[in-house]
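Treat the numbers as computed from the prediction; the structure is a model and nothing was measured.
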Amino acid sequence: MRFAPNEYYHIYNRGVESRDIFLDNTDYQRFLNSLLVFNADIPMTMRKADRLELTEILSLPKLASIVSYVLMKNHVHLLIRCNDEYNLAKFLQKLFVGYTMYFNAKH
């Protein structure tokens with residue numbers, strides 16, 4: 001999917017059958033970390049990010065600009081500014097697939 005550069009998008013994602021996607025504080029923290037790590041415009045895993053300082057992660061080129069977010073128990077709202085027509089889709093795929101893999105392995 002292609003997005004329009006410099007436009008803002010409201011992204012919404014929820015659990016299957018509206019089931020909870022955050023069961024404890026660790027889940028919330030993992031998603032917040034994922035917002036930073038998977039927005040990097042380089043191949044990045046959570047393990048690799050654990051070895052970096054926060055300032056190093058923040059200094060990496062970003063796939064999209066996160067304006068705001070709301071994490072609810074069973075869904076997520078993101079307001080994102082598209083930097084490039086292809087990179088927003090790449091970021092969303094990395095973010096949601098990465099969190100889903102974590103959640104399924106943990107729970």
Side-chain angles (χ1 to χ4, degrees):
M1 174 177 218
R2 288 175 43 174
F3 293 93
N6 302 315
E7 294 295 331
Y8 292 84
Y9 292 91
H10 172 224
I11 308 296
Y12 171 87
N13 198 6
R14 67 176 174 85
V16 174
E17 300 173 343
S18 295
R19 286 186 265 169
D20 291 348
I21 58 173
F22 302 110
L23 302 182
D24 57 33
N25 286 338
T26 306
D27 293 342
Y28 285 105
Q29 190 59 54
R30 175 61 180 239
F31 190 86
L32 292 173
N33 291 346
S34 297
L35 284 173
L36 289 175
V37 171
F38 296 135
N39 197 11
D41 193 14
I42 61 170
M44 180 75 72
T45 64
M46 295 304 278
R47 284 192 186 119
K48 183 177 179 182
D50 286 343
R51 295 189 301 269
L52 298 175
E53 295 290 327
L54 179 60
T55 54
E56 292 177 279
I57 295 171
L58 292 173
S59 69
L60 296 171
K62 303 291 181 249
L63 295 171
S65 298
I66 301 167
V67 178
S68 64
Y69 60 87
V70 177
L71 308 182
M72 306 298 283
K73 196 167 183 130
N74 69 342
H75 67 282
V76 174
H77 293 271
L78 304 172
L79 181 60
I80 297 179
R81 182 177 175 271
C82 179
N83 297 339
D84 175 273
E85 61 186 300
Y86 300 103
N87 286 345
L88 180 53
K90 184 197 270 186
F91 167 59
L92 294 173
Q93 179 183 16
K94 289 168 58 175
L95 175 66
F96 292 124
V97 169
Y99 183 76
T100 300
M101 290 175 65
Y102 152 81
F103 185 88
N104 289 343
K106 180 180 175 189
H107 302 288

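- Note: the hydrophobic cluster containing L32 also contains I11 (ILVMFWY, side chain heavy atoms under 4.5 Å, direct or indirect links).
- Proximity of a side-chain donor or acceptor of N74 to a complementary backbone N or O of S18 within less than 3.5 Å is detected.
- For K106, the NZ atom counts as densely surrounded, since its 6.0 Å shell holds more than 12 non-hydrogen atoms of other residues, nucleotides or ligands.
- In the hydrophobic clustering of this structure, Y69 groups with Y102; members are Ile, Leu, Val, Met, Phe, Trp, Tyr whose side-chain heavy atoms approach within less than 4.5 Å, directly or through other members.
- The local environment of OH in Y28 is crowded, with over 12 non-hydrogen atoms from other residues, nucleotides or ligands closer than 6.0 Å.
- Within 6.0 Å of CD in E56 there are more than 12 heavy atoms belonging to other residues, nucleotides or ligands.
- Taking 4.0 Å as the cut-off between side-chain N and carboxylate O, K90 and D41 count as a salt-bridged pair.
- N87 places no side-chain N or O within 3.5 Å of a backbone atom of A64 that could act as its donor or acceptor partner.
- Using bins of under 30°, 30° to 60° and over 60° for the plane-to-plane angle, the ring pair H77/H10 lands in the parallel bin.
- Side-chain rings of Y99 and F96 stay apart, their centers remaining 6.0 Å or farther from each other.
- The aromatic rings of F31 and F22 lie perpendicular to each other, with more than 60° between the two planes, well past the 30° mark.
- For the 3.5 Å distance criterion, the side chains of R81 and N6 qualify, holding a donor opposite an acceptor.
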